Amino acid sequence: MANYWLMKSEPDVYPYSQLVIDGSTHWDGVRNYQARNIMRDDMKVGDLVLYYHSNTKPPHVAAVARVSREGYPDHTSWDINGKYYDEKSSPEKPRWIMVDIEPVCELPNIISLNSIRENDRCEGMLLIRKGQRLSVQPVEEIHFDAILDMVGMAREEL
DNA sequence: GCCAACGTTGGC
DNA sequence: GCCAACGTTGGC
């Protein structure tokens, strides 16, 4: 049983177009325990991911990606010169976890946060809950399908 | 640039 | 274990 996720990235930092260029990427730098636990325990190879661009106008879902490698230690956490360094993490006792994702397809149009908010079928989504800011979050299947439907797509076509 | 919401840290 | 202070996220 596949699961569905939403991952946030700032387009200034790592837009979906870069994922297409790279072919796949390791989702490093997540330093939130809840998000880490999701990547460590719940994300499986083949799971589909809504690729969300945050901190941009308008914030939006841009594409669909797929988990291509399950949770493993985030090596940037012990790179003392990197910006994601955490002194409490080491190769022997890694504290932070990442997954790999690969591109699936760009949406024909972006789906703005506002339009998601206005879509009755998206009611209850974590993304539009007040104060919610998890950068890796679960998406229910009905919501995943509702999002795709907003651009005339269906899961079976992916 | 502002600021609300939330998470983390550390003193007690 | 509480909670004030601080830092971050991310929409607006």
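Every value quoted in this text rests on a predicted model; they were computed, and no experiment measured them. So that the names make sense, note that chain A is the first sequence line, chain B the second, and so on, each numbered from 1.
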Next on the checklist: Please enumerate all residues that pass ring-ring contact (aromatic ring centres under 6.0 Å, His included) together with A:Tyr16, with sequence neighbours excluded.
Outcome noted: A:Tyr51
Checklist outcome for this item: Applying ring-ring contact (aromatic ring centres under 6.0 Å, His included) to A:Tyr52 and not counting sequence neighbours gives none
Donor-acceptor pairs under 3.5 angstrom involving side-chain atoms of residues 144-154 of chain A: please list them, not counting sequence neighbours.
unit_1   : atom_1 : unit_2   : atom_2 : d
A:Asp145 : OD1    : A:Arg155 : NE     : 2.8
A:Asp145 : OD1    : A:Arg155 : NH2    : 3.4
A:Asp145 : OD2    : A:Arg155 : NH2    : 2.8
A:Asp149 : OD2    : A:Arg121 : NH1    : 2.7

Next on the checklist: Taking salt bridge (charged side-chain N to carboxylate O under 4.0 Å, His left out) as the cut-off, I'd like each qualifying pair that reaches into residues 12-39 of chain A, sequence neighbours left out, listed once.
Outcome noted: A:Arg31-A:Asp74
Checklist outcome for this item: Sequence neighbours excluded, the answer for side chain to side chain donor-acceptor pair (under 3.5 Å) partners of A:Trp27 is none
Checklist entry - When you list every nucleotide of DNA chain C with an atom under 4.0 Å from a heavy atom of chain A, which one comes first 5' to 3', and which comes last? => result C:dG7 to C:dC12
Checklist entry - When we call it a touch if two heavy atoms are under 4.0 Å apart, what does A:Lys57 touch: a base, just sugar-phosphate, or nothing? => result nothing
Checklist entry - Rounded to the nearest 0.5 Å, how far does CG of A:Leu134 lie from CD of A:Gln34? => result 4.5 Å
Checklist outcome for this item: Under a 4.0 Å heavy-atom cutoff, the residues of residues 125-135 of chain A touching DNA chain B are A:Lys130, A:Gly131, A:Arg133
Item to check | Any residue of residues 83-94 of chain A with a heavy atom less than 4.0 Å from an atom of DNA chain B | outcome: none
Exercise answer: donor-acceptor pairs, residues 102-114 of chain A side-chain atoms, under 3.5 Å, sequence neighbours excluded:
unit_1   : atom_1 : unit_2   : atom_2 : d
A:Glu102 : OE2    : A:Arg66  : NH1    : 3.0
A:Ser112 : OG     : A:Ser115 : N      : 3.0
A:Ser112 : OG     : A:Ser115 : OG     : 3.2

Item to check | Contacts of A:Arg133 that satisfy salt bridge (charged side-chain N to carboxylate O under 4.0 Å, His left out) - sequence neighbours left out | outcome: none
Next on the checklist: Suppose we screen for side chain to side chain contact (heavy atoms under 4.5 Å, CB included). Which residues come up paired with A:Arg129, at least two apart in sequence or across chains?
Outcome noted: A:Leu126, A:Gln132
Item to check | Contacts of type side chain to side chain contact (heavy atoms under 4.5 Å, CB included), residue A:Glu10, not counting sequence neighbours | outcome: A:Val13, A:Ser54, A:Asn55
Checklist outcome for this item: On DNA chain B, more 5' by nearest nucleotide between A:Arg31 and A:Asn55 is A:Asn55
